[in-house]
Amino acid sequence: MFIAQSRSTPLSSEIQHVFTIRRRKISQICRYNKSCCKVKAVIQSGNDNKTVKDANFMEKSMEESNGLLVSSGKGRDVKAVVTLRKKIKEKISDKIEDQWESLMNGIGRGILIQLISQDIDPVTKSGKFMESYVRGWLSKPSDHPHIVEYAANFTVPHDFGRPGAIIITNLFDKEIHLVQIVVHGFNEGPLFFSANTWIHSQKDNPESRIIFQNQAYLPSQTPPGIKDLRREDLLSIRGNGKGERKLHERIYDYDVYNDLGNPDKSEDLARPLVGGKEKPYPRRCRTGRGPTKKDPLAERRIEKPHPVYVPRDETFEEIKQNTFSAGRLKALLHNLVPLIAATLSSSDIPFTNFTDIDKLYKDGVVLNDDNDPQNKFLSEILDKVFSVSKRLLKYEIPAIIRRDRFAWLRDNEFARQALAGVNPVNIELLREFPIVSKLDPAVYGPPDSAITRDLIEQELNGMSVEEAIQDKRLFILDYHDMLLPFIGKMNSLPGRKAYASRTLFFFTSRGVLKPIIIELSLPPTPSSPRNKRIFSHGQDATNHWIWNLAKAHVCSNDAGVHQLVNHWLRTHACMEPYIIATHRHLSSMHPIYKLLHPHMRYTLEINALARQSLINGGGVIEACFSPGRYSMEISSAAYKSMWRFDMEALPADLIRRGMAVEDTSMPLGVKLVIEDYPYAADGLLIWSAIKEYVESYVDHYYSEPNSVTSDIELQGWWNEIKNKGHADKKNEPWWPKLVTKEDLSGILTTMIWTASAQHAAINFGQYPFGGYVPNRPTLMRKLIPHEDDPSYENFILHPEYTFLASLPTQLQATKVMAVQDTLSTHSADEEYMYQLHEIQQFSINDHEILKILKRFSAKLKEIEDTINQRNKDIRLKNRSGAGVPPYELLLPTSGPGVTCRGIPNSISI
């Protein structure tokens with residue numbers, strides 16, 4: 001819960017100056033007071049305390065500690081308990097190192113801690129301080145075998161004041177994991193210094209780490225004794241922008257996406273730089289690796305299983321590596337996907353009938369591991385999570401066909417998923433007619449859509465188009481302009497055939513949304529300048545199958561836009577700059593840092609893993625989704641044309657898409673156009689709760705006039721998000737101002753919504769909806785046959801085979817199902833938003849804030865009850881009915897596994 005210093009790169013002159021002053025002040029104290037000191041060290045194990053004999057430290061002890069003062073002879077007895085976490089799975093070498101660590105602590109040569117007072121020393125003009133080596137001997141096994149506690153007893157002067165920071169130095173040859181330090185003996189009661197951080201070895205970095213007490217302070221309120229440390233800490237965590245980052249470091253900095261390709265390995269794996277004027281994009285965390293040999297602008301790849309750098313505390317904890325779904329994702333990407341490819345690549349054939357698909361859930365896939373010893377790891381790791389037993393990979397039946405195996409075929413289910421599926425954020429109200437493209441007609445042909453008034457009115461039961469638009473009864477899913485510039489390149493890829501699509505829906509008088517027309521477009525050619533086809537649901541068998549193929553192409557486009565734009569770009573990629581800026585500009589003592597910290601957990605690590613194996617050249621996304629090697633270019637184009645921070649707020653997004661209208665009589669000032677819009681209806685409840693929570697939190701800390709504008713850390717944070725994190729959008733006029741506490745609350749609500757509920761809504765349904773390939777194919781391999789095509793006769797004879805042959809192959813489907821299953825999985829120890837009051841209780845020492853957190857948790861539980869009641873309401877046909885799965889993606893709670901529900905605090909998978 002803090003920012004602490006770490007660097008192995010040369011210090012900036014500014015930081016060097018700070019340290020020079022500190023060393024001079026320490027020397028002054030040593031000359032001023034050379035009194036003897038007495039330190040008692042204890043080691044705790046469970047309820048057993050072993051007191052090590054007292055040690056008298058005179059001048060000799062001071063000399064051994066480089067002349068630093070240890071403690072004064074008289075004063076208050078104080079005990080500092082240091083809690084460390086050991087590895088869960090230890091090798092013999094680790095156990096030997098543990099014994100050595102205990103021995104070094106026993107003789108006082110392992111960990112050096114320094115208490116820093118909030119009060120200024122009149123001699124040194126900086127915070128008073130006392131320091132001591134942690135001492136202790138081998139501990140007995142406790143109820144928590146992976147936790148070890150050491151405690152040093154100090155005698156501090158009565159006028160020492162309250163400790164506000166602790167400086168800790170790790171003298172071992174390896175890093176240690178510090179859970180917390182608790183200081184006993186002061187009038188205020190136990191003082192908690194929450195850590196949960198890796199402390200680097202002094203061998204890797206000579207600089208010590210700073211741990212602040214869990215008390216929130218605005219910069220202007222920082223106690224004078226620790227003001228310099230606050231500034232010093234922030235300076236050191238930013239680094240100097242030079243050199244390759246080392247895995248033990250905690251440096252946060254920015255870079256473009258120049259690490260997705262691998263031109264040194266193959267020209268086919270070269271990818272353009274994403275981020276900059278030509279291909280704008282949010283920035284990622286800088287790793288500083290050198291350039292490739294063939295492209296000086298591309299960063300050298302780190303290939304699996306070697307880790308990509310992220311700041312040390314951003315990496316998954318060991319317990320997460322073993323049980324967390326992200327740990328399983330690594331196993332999947334490094335082991336399972338290649339094994340699937342090896343098994344099926346020699347017979348990479350399409351599904352020939354629907355029974356082939358059903359076998360994935362009934363019989364599974366026998367994997368050809370050829371007794372490879374490396375695959376023992378695969379069996380051990382994945383057999384609990386994938387039903388992988390020995391060489392059998394067997395999938396769970398996805399929710400979409402669990403209740404009704406034919407639901408995916410029906411038009412009402414196709415439409416329902418636009419409102420209550422895994423991608424319910426693209427449907428828009430049709431507000432103008434005719435439908436016109438904004439693309440350059442000189443390049444992409446006539447701008448008018450082929451969807452005519454006559455075609456629409458055939459489906460409106462006597463209404464005119466104008467009446468339907470006025471009554472807000474027509475809706476559209478429009479991927480035409482986003483995809484058409486890329487369709488030609490996509491269709492040149494082997495085994496890929498796609499269209500740019502528009503889908504028109506009509507909201508019936510019975511309150512049901514139904515698709516009425518699909519337009520599929522290809523780039524214009526000299527012989528066909530209007531290369532567009534129109535489809536509607538017909539009554540005969542041939543039109544029925546053609547209509548299903550058209551819907552499959554729409555679903556494929558929807559799957560690609562969902563993954564590359566709504567999921568990866570708008571949540572994962574856009575959150576990364578917020579996280580980097582938060583660490584670089586907001587001290588761990590800053591109340592806004594404490595507010596945001598639970599919502600930043602593990603995002604940088606999961607994003608680094610995605611760059612390594614998911615969105616990289618030749619990765620799973622390129623292999624399994626229609627855009628292929630052009631995936632990130634499409635994502636960049638979407639960022640350029642549509643992403644706006646102010647529109648990422650749920651109410652603003654709904655209004656922008658015409659799915660809600662402003663209405664001051666409603667709680668959030670908006671009213672849904674379709675009341676039975678489960679994502680929006682439940683989302684507004686969650687948004688409202690987050691907004692209320694954030695506003696109460698901000699009001700508590702920013703009660704004074706101008707407190708927002710005078711907060712130098714906060715202003716630096718917001719300016720850097722705009723100017724560095726989203727540098728390609730820095731000049732846009734729509735960025736919110738940060739002047740009032742209302743401005744701040746709005747910005748923070750949007751960030752927390754994005755990291756928690758928005759990501760949950762579009763992530764954890766991936767396998768429940770996409771795990772059945774016909775419902776949501778991630779790519780299409782054939783265009784829809786014309787009557788004059790040679791393949792048309794075969795289609796008439798074998799429509800089922802034509803349909804299935806258009807879908808992903810068995811290899812492609814099996815690979816993407818494995819990834820979707822993993823991405824949809826909650827770990828057994830997931831941290832959910834309703835648990836915030838428990839998570840934050842040790843990092844925020846403020847009873848009023850803890851009350852606010854408890855109210856927020858109680859509100860989320862009320863919302864869960866409301867959502868459960870909605871799912872039982874037979875009037876709400878998009879979330880109840882025969883075979884209809886309830887909409888639970890925004891239920892706050894969840895158990896482990898693929899549950900299609902639950903809102904974690906952060907984007908951690």
Side-chain angles (χ1 to χ4, degrees), residues 252-257 274-275 280-286 308 310-311 313-316 326 329 425 562-586 592-611 614-615 632 635-636 638-639 642-650 652-653 683 686-687 690 694 717-718 720-729 735-736 744 746-764 823 830-833 836 903-909:
Y252 293 78
D253 205 353
Y254 302 94
D255 209 342
V256 294
Y257 282 71
V274 179
Y281 217 63
R283 297 304 188 255
R284 64 168 175 91
C285 185
R286 179 183 178 274
V308 176
V310 293
D313 286 340
E314 301 294 336
T315 58
F316 301 124
L329 180 59
V425 297
H562 162 259
Q563 196 66 263
L564 297 169
V565 179
N566 299 325
H567 181 212
W568 169 255
L569 167 64
R570 293 175 63 188
T571 62
H572 284 260
C574 285
M575 276 300 299
E576 188 150 345
Y578 311 153
I579 294 168
I580 297 170
T582 299
H583 283 280
R584 285 168 55 87
H585 282 276
L586 300 183
I592 302 307
Y593 177 94
K594 291 181 179 291
L595 173 74
L596 289 176
H597 190 265
H599 306 290
M600 305 187 295
R601 184 172 182 255
Y602 298 144
T603 302
L604 297 191
E605 170 83 339
I606 200 68
N607 286 2
L609 183 59
R611 297 201 313 274
L614 285 177
I615 63 170
M632 286 299 289
S635 189
S636 169
Y639 177 72
M642 61 165 280
W643 188 85
R644 293 176 47 160
F645 181 88
D646 59 331
M647 292 292 108
E648 293 303 294
L650 177 61
D653 174 61
I686 301 293
W687 172 273
I690 295 173
V694 170
W717 167 78
W718 185 235
E720 188 166 283
I721 285 173
K722 295 182 294 183
N723 295 318
K724 286 190 175 182
H726 287 271
D728 303 326
K729 295 268 190 177
W735 282 105
L744 177 58
I747 291 167
L748 294 171
T749 300
T750 297
M751 289 181 178
I752 293 174
W753 159 261
T754 300
S756 57
Q758 178 71 348
H759 180 258
I762 59 180
N763 179 73
F764 291 104
L823 296 178
E830 187 85 86
E831 292 186 356
Y832 296 95
M833 198 159 60
L836 269 175
I903 304 176
N905 285 317
S906 64
I907 301 169
S908 56
I909 187 66

Search all heavy atoms of I903 against all heavy atoms of S756 and return the closest pair with its distance. CG2-C, 3.6 Å
Going from CD1 on I752 to OG on S906, what distance comes out if it is rounded to the nearest 0.5 angstrom? 12.0 Å
Output the distance between atom CG (D313) and atom OH (Y602), rounded to the nearest 0.5 Å. 9.5 Å
Testing the basics here: between P282 and A573, what is the closest heavy-atom pair and its distance to 0.1 Å? CB-O, 3.6 Å
Looking at V565, is its backbone amide N or carbonyl O close enough to the side chain of S635 to form a donor-acceptor pair, meaning the two atoms are under 3.5 Å apart? no
Would you compute the distance between atom CE of M642 and atom CG of L569 and round it to the nearest 0.5 angstrom? 7.5 Å
For the residue pair H585 and Y252, is the inter-centroid distance of their aromatic rings smaller than 6.0 Å? no
With a 4.5 Å heavy-atom cut-off, do E576 and C285 have their side chains touching? yes
For M575 and Q758, run side chain to side chain contact (heavy atoms under 4.5 Å, CB included): C-alpha distance rounded to whole Å, both residues' side-chain angles, the deciding distance at 0.1 Å, then the answer. CA-CA 12 Å; M575 276 300 299; Q758 178 71 348; over 6 Å; no
Does the plane of the ring in W718 sit parallel, tilted or perpendicular to the ring in F645? Use 30° and 60° as the thresholds. perpendicular
Would Y593 and T582 count as a side chain to side chain contact (heavy atoms under 4.5 Å, CB included) if you check the C-alpha gap in whole Å, the side-chain angles of each, and the deciding distance to 0.1 Å? CA-CA 7 Å; Y593 177 94; T582 299; 3.7 Å; yes
What's the spacing between H759 NE2 and W753 CH2 if we round to 0.5 Å? 13.0 Å
For the backbone of H572 and the side chain of N607, can you confirm whether one donor and one acceptor N or O come within less than 3.5 Å of each other? yes
Show your working on side chain to side chain contact (heavy atoms under 4.5 Å, CB included) between E648 and D653 and close with a plain yes or no. CA-CA 6 Å; E648 293 303 294; D653 174 61; 6.0 Å; no
Start with the C-alpha distance between L609 and L614, add both sets of side-chain angles, then the distance that settles side chain to side chain contact (heavy atoms under 4.5 Å, CB included), and finish with yes or no. CA-CA 7 Å; L609 183 59; L614 285 177; over 6 Å; no
Is the Y281 ring parallel, tilted or perpendicular to the Y257 ring (thresholds 30°, 60°)? perpendicular
Member of H726, K729, R570 meeting the side-chain hydrogen bond (donor to acceptor under 3.5 Å, both in side chains) criterion with Y639: H726
Residue pair P311 / L604, side-chain heavy-atom distance below 4.5 Å: yes
Among all residues two or more places apart in sequence or in another chain, which pass the salt bridge (charged side-chain N to carboxylate O under 4.0 Å, His left out) test with R283? D728
Out of L650, V694, L744, which one pairs with T749 under the side-chain contact (heavy atoms from CB on, under 4.5 Å) rule? V694
Applying side-chain hydrogen bond (donor to acceptor under 3.5 Å, both in side chains), can you list everything that pairs with D646, at least two apart in sequence or on another chain? R644
Nearest 0.5 angstrom please: I579 CD1 to H599 NE2, how far? 11.5 Å
For the side chain of T571 and the backbone of H567, is there at least one donor-acceptor N/O pair under 3.5 Å apart? yes
Of all heavy-atom pairs between A581 and I721, which one has the smallest distance, and what is that distance? CB-CG1, 3.5 Å
Indicate the atoms forming the closest heavy-atom contact of T603 with I907, along with that distance. OG1-O, 2.8 Å
Quick check: closest heavy atoms across P598 and N905, and the distance to 0.1 Å? O-CB, 3.4 Å
If you look at every heavy atom in G275 and V256, which pair is closest and at what distance? O-CG1, 3.5 Å
Rounded to the nearest 0.5 Å, what separation is found between the CE atom of M600 and the CG atom of L595? 9.5 Å
